[in-house]
Amino acid sequence: MLDLIALGEPLVQFNAVTEGPLRYVTYFEKHSAGSEANVCVAVSRLGLRSGLITRLGSDEFGLFIYEWLRGQGVDVSRVKFDPERPTGIYFVQRSYPIPGVSTVLYYRRGSAASAMTPSDLDEDYIASSRVFHTTSITMAISDSARETVIRGVEMANRHNVMVSFDVNIRRLLWPSLEEAVKAVEGVLRMVNVLFLDENEAELLFGTREPRVVFKEAEGRFGISRVVLKMGLRGSMAKWDGEVVEAKAFQVPVKDPIGAGDAYAGVFLASVLKGHPPSRSILRASAAAAMVVMVRGDEENLPRETDLETFLRNYGLSDVELR
Ligand code: KDG
């Protein structure tokens, strides 16, 4: 039995060691990344069992990601290798032109993961998990990957596995925002937990006002667990009728990419570990802050003791350190 299974494309991230435009960057650092893979690692770091459904290229980068994820304790038994297509990669430009903001340059078209099809889904495997997690990134990379997301979510629904969906609209991957919204709306009726930011709330519900977002998500799509991220203003969630919020921790930012995945992974893991929503949202917010302090999405994902030590530093730990 697994706690969380995710479906999506892991990527090798080449993160600029120096800030500024990529054309002048000489050194890049290699990291394992990709939204759903990040969530798997976040869950595994907190001592729960996660697994990833995906395809990798039979190349050095595919092996790097495979071995890294396995080393992080993520179940890779459903990772397939494609001898024809490469592993997707991307580059990160940091703090240019906007300080503290990163931009990405993808090389993932025609990647191994984009050739995923519903045949990659093992229904018994999905049924064996407590949560099935995916994002609209996977819906954007190809028609067959989108179909795979829909079938995976349907399978999870059939077995009462909680479906978690992080909207995660990546403008670069969609022909238009209208298409992105249409695709996302197509799965929302089958979603149990929704993560989104304010821009995505505006696109989907025409508002950034948290209580209206919660009402719309429930009224239009029947989703009673909604988590809204509001950047530096913190985050709010409505979880089965209870509204909770957390501040955003102010930390020195090296690269904000990966914060949302740390947030979602730690929120879900915390709920699965029995924390109340009020505590889960605080832990998620802390994990997001920890991740942005370094380059790379996964290295700073916290273990329990580090998460509590971070919170203790703000006077917010409720765990006795031995
Ligand atoms: O959420 C972080 C991801 O954006 C990053 O690791 C790459 O999955 C990725 C994507 O598609 O943008």
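Note that ligands are numbered from 1 as they come in the structure, with each ligand's atoms numbered from 1 the same way. Values reported hereafter were calculated over all heavy atoms of this structure, with side chains retained and with hydrogens, waters and symmetry mates removed.
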One line per pair, note the atom names and distance for all nitrogen or oxygen contacts under 3.5 Å between ligand 1 and the protein.
from     : atom 1 : to   : atom 2 : distance (Å)
ligand 1 : 1 (O)  : R170 : NH2    : 3.0
ligand 1 : 1 (O)  : D261 : OD2    : 2.5
ligand 1 : 4 (O)  : R170 : NE     : 3.3
ligand 1 : 4 (O)  : R170 : NH2    : 2.9
ligand 1 : 6 (O)  : G34  : N      : 3.0
ligand 1 : 6 (O)  : Y90  : OH     : 2.7
ligand 1 : 6 (O)  : D297 : OD2    : 2.6
ligand 1 : 8 (O)  : S35  : N      : 2.8
ligand 1 : 11 (O) : Y106 : OH     : 3.4
ligand 1 : 11 (O) : R108 : NH1    : 2.7
ligand 1 : 11 (O) : R108 : NH2    : 3.4
ligand 1 : 12 (O) : Y106 : OH     : 2.5
ligand 1 : 12 (O) : R170 : NE     : 2.9

Handout entry: By ring pair (Phe, Tyr, Trp, His ring centres under 6.0 Å) - contacts of F310 (at least two apart)
Key = F249, Y314

Practice task
Please answer whether the main-chain N or O of L272 pairs with a side-chain N or O of R130 as donor and acceptor at a distance below 3.5 Å.
Solution key: yes

Fill in the blank from the handout: Residue set satisfying side chain to side chain contact (heavy atoms under 4.5 Å, CB included) with P277, at least two apart, ordered chain then number -> W239, E242, V244

Exercise for the section: Take H133 and S164, measure what side chain to side chain donor-acceptor pair (under 3.5 Å) needs, and give me the verdict at the end. Expected result: CA-CA 5 Å; H133 175 84; S164 162; 2.8 Å; yes

Problem - Within 6.0 angstrom of R220 CZ, more than 12 heavy atoms from elsewhere - result: yes

Handout entry: Which residues share a salt bridge (Lys or Arg N to Asp or Glu O under 4.0 Å) with K215, sequence neighbours left out
Key = none

